[in-house]
Amino acid sequence: MAALEKDLPPHERFEEPNKPIRLVFKLLADREKANEVLGRAGIRYRNGKTLVPFRLTGNIEWGLPAPDLEDDLKGLTFWVWPESLWAPIPFSACYLESQGRDRAEWKDWWASKEARVYQFIGEDNVYFYSLAEMSMFMGDQGREFSEEPENGALQLPGLIVNNHILFFDKKASSSGEIPPPMARDLLNYYTPDQLRAHFISLGLGIRSVGFKPRPLNPGADPQEGDPVLKEGNLLCNSFNRAVRTCFYTAQNYFEGKIPTGDVSQEVLEESSKTLLDYEAAMHRREFHQVMAITGNYIRPITKYWSAAVKTNTELSGSDPILCRALIDTFHRVRTASLMLHPIAPFGTEMIREYLGFDASFWSWDRAFDTVYAFMEDPAKHTLKVLAPRVDFFPKHPSQVK
C-alpha cells in the first residue's frame, strides 16, 4: 500500500489498530482517480459517504411526529432523508464548476421562471419525498410562498414518477441471487446512446419492466438476440446507414454540398406531423411513445431512398431524381436528429458537426426549419468530409464480430 501512495492524488491517511486504513481526499474527482489506482493494483476498497443521512421523521423517540390523516392512517412513519432533496442543487453547482463555469449559475436552472427542472422518482418514494420537497422549496420563499414563485426563488420541480426496473424479472437488489450491475459495468457491453434508447422505451411510468442484458444472462438462449439492442439497432443500423448514405452521396455527386431546392410538400407535412406527435408525447411524459414515434419515422428512411433511386442505373449530380431524393432524405435526417438528440446526444452531435451547423440546430423554436435555414449561403455551404467506414452511431466493440 505504501508503494502505491505516490500514485494517489493528495490525501490524508489515518490508521487505527485492527481497522482498515482510511484515506481522505478533498475532492471527489481525486477520490475517483484513487479508485482507479487501487483497482488496478487489486486492492479492495470501499467509498465512504460524504453526507451522513438523517430522517425527518421516524418511529423512534427522536422522530418528528407525522400527522394522523384519517382513522386508518394513524401512527404511521413518514420516511424522508431531506439532504437527498437538496443534493441535486449543489450537484448542479459542482457540475457547472467542473465545466469551468460559475457555480452561481445553478440559479439559472433552479430559480428561474424560464427553466424547469424535472426529477425522476420511484413510485414508492413519491408519497413522502414529493410532499417534503415541495414544502422545503415553498418554505424557502418565506411566509408569502406561492406555487408559482417569482424569479430568484426556488421553482417547484416537475416530478416524473417511475416504477421499478426489474433485473431479470426480479426487483434489483444487491442481496439478490444475481446482483444488478453498476452503470459503469453496462458500458462494457453497450454504448451510452444504446442504453438511453433502451431505457426510455421501457415505459416505466406505466409498469415495472424487466431489464435483460444478454451478456449478463447466464441462461440466455444462444439463438435469441439481445433485447437491450432492439432500440440500439435502430440507431446503429437503420439511422446510421441513412445518414452515411446522405453524406457519401453529397460527397460523390454534389462536391460535398447538399443540393439546393425545396423539400417535397409530402415530406414536410409528414415530418411536421411527426414532430407535433413527438412534442405531445414529451409533454405527457410518455417516453416510450417518444421512442416509438421516433422509430416509426426513422425505419422507412432507407426504404424511401431506395425507392427513389432504384430506377437509376447510372447516378450523377445532374440527375434530378437523385437531387430530389437527397434533398428530401437530408430533411428526414434533420428531423430525426432533432428528435433523437435528447436520447442519443453523442451520435446526433456528430451529425451536427459534419453538417457544419451551430447549436441553434437543436432549438425547438426552429423545429420546422430545413437544413438550408442554418446555412449562410446554401449554394456554397460544404459538409465536413466523412471518411470511409466512419459511423455516427458505432456499435460497442463487444458487439462487432
Side-chain angles (χ1 to χ4, degrees), residues 193 235 238-276 278-279 294 297-298 300-312 314-394:
D193 282 357
L235 302 175
S238 300
F239 193 46
N240 188 65
R241 184 164 56 249
V243 182
R244 281 167 43 125
T245 296
C246 283
F247 278 89
Y248 288 143
T249 304
Q251 289 173 194
N252 293 335
Y253 300 103
F254 297 95
E255 299 179 335
K257 301 179 180 67
I258 302 176
T260 57
D262 294 329
V263 179
S264 299
Q265 190 62 31
E266 177 187 356
V267 174
L268 285 174
E269 291 176 358
E270 176 198 13
S271 300
S272 297
K273 181 183 182 304
T274 301
L275 286 170
L276 292 172
Y278 174 100
E279 183 180 45
T294 305
Y297 182 82
I298 288 174
I301 292 179
T302 51
K303 181 184 72 175
Y304 294 144
W305 174 265
S306 298
V309 301
K310 68 179 180 180
T311 57
N312 293 34
E314 295 185 10
L315 300 178
S316 71
S318 60
D319 188 333
I321 295 178
L322 179 62
C323 185
R324 165 56 46 210
L326 193 57
I327 290 172
D328 287 347
T329 306
F330 257 115
H331 186 71
R332 289 188 169 105
V333 166
R334 182 283 189 277
T335 302
S337 298
L338 182 62
M339 294 190 291
L340 277 176
H341 186 241
I343 303 165
F346 292 109
T348 51
E349 282 290 348
M350 184 176 171
I351 292 173
R352 180 183 68 81
E353 175 194 344
Y354 274 76
L355 286 170
F357 299 152
D358 61 28
S360 65
F361 188 68
W362 306 125
S363 171
W364 202 252
D365 293 333
R366 305 185 63 178
F368 303 114
D369 286 356
T370 67
V371 290
Y372 305 110
F374 301 93
M375 302 177 184
E376 186 174 338
D377 185 346
K380 297 181 179 179
H381 186 87
T382 303
L383 306 175
K384 182 177 177 179
V385 175
L386 181 64
R389 294 181 295 279
V390 171
D391 292 313
F392 291 90
F393 300 91

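All values below come from the heavy atoms of this structure, side chains included, with hydrogens, waters and symmetry mates left out.
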| query | Can any side-chain N or O of His381 pair as donor or acceptor with the backbone N or O of Tyr372 at less than 3.5 Å? | reply | no
| said: So for atom CG, which belongs to Asp262, do other residues, nucleotides or ligands contribute more than 12 heavy atoms lying within a distance under 6.0 Å? | reply: no
| query | Can you tell me how far the SG atom of Cys246 sits from the CD1 atom of Ile301, to the nearest 0.5 Å? | reply | 8.0 Å
| Does Asn240 reach the main-chain N or O of Leu235 with its side chain, forming a donor-acceptor pair under 3.5 Å? | no
| message | If I take atom CG from residue Leu326 and atom OG1 from residue Thr245, how far apart are they, to the nearest 0.5 angstrom? | response | 10.0 Å
| request: Compare all side-chain heavy atoms of Leu275 with those of Met339 and state whether any distance is below 4.5 angstrom. | output: yes
| message | I'd like to know whether the aromatic ring centres of Tyr297 and Tyr278 sit less than 6.0 Å apart in this structure. | response | no
| Can you name the nearest heavy-atom pair linking Asp328 to Ser264, along with the distance? | OD2-OG, 2.6 Å
| note | Value for CZ (Phe247) from CD1 (Ile258), rounded to nearest 0.5 Å, stands at 7.0 Å
| Donor-acceptor contact below 3.5 Å, side chain Arg334 vs main chain Asp369 | yes
| Shortest non-hydrogen separation from Ile298 to Ser238 and the atoms involved | CG2-CB, 4.3 Å
| query | Does CD belonging to Glu353 count more than 12 external heavy atoms closer than 6.0 Å? | reply | yes
| request: Can you see which heavy atom on Phe392 is nearest to which on Leu386, and at what distance? | output: CE1-CD2, 3.7 Å
| remark: In short, Val371 meets Phe357 closest at the heavy-atom pair O-CZ, 3.6 Å
| request: Answer yes or no: is there a donor N or O on one side and an acceptor on the other, between the side chain of Asp193 and the main chain of Gly347, under 3.5 Å? | output: yes
| On the ring face of Phe374, is Arg366 found with NZ or CZ under 6.0 Å from the centre and within 45° of the axis? | yes
| Any chance CZ of Phe346 has more than 12 other-residue heavy atoms, nucleotides or ligands included, within less than 6.0 Å? | no
| said: Given 3.5 Å as the limit, does a donor-acceptor pair link the side chain of Ser363 with the main chain of Asp365, or not? | reply: yes
| field | Interatomic spacing from CG in Leu268 to CZ in Phe368 - rounded to 0.5 Å | value | 11.0 Å
| task | Go through the steps for Tyr253 and Tyr248 under the test ring-ring contact (aromatic ring centres under 6.0 Å, His included), then give the verdict. | result | CA-CA 8 Å; Tyr253 300 103; Tyr248 288 143; over 10 Å; no
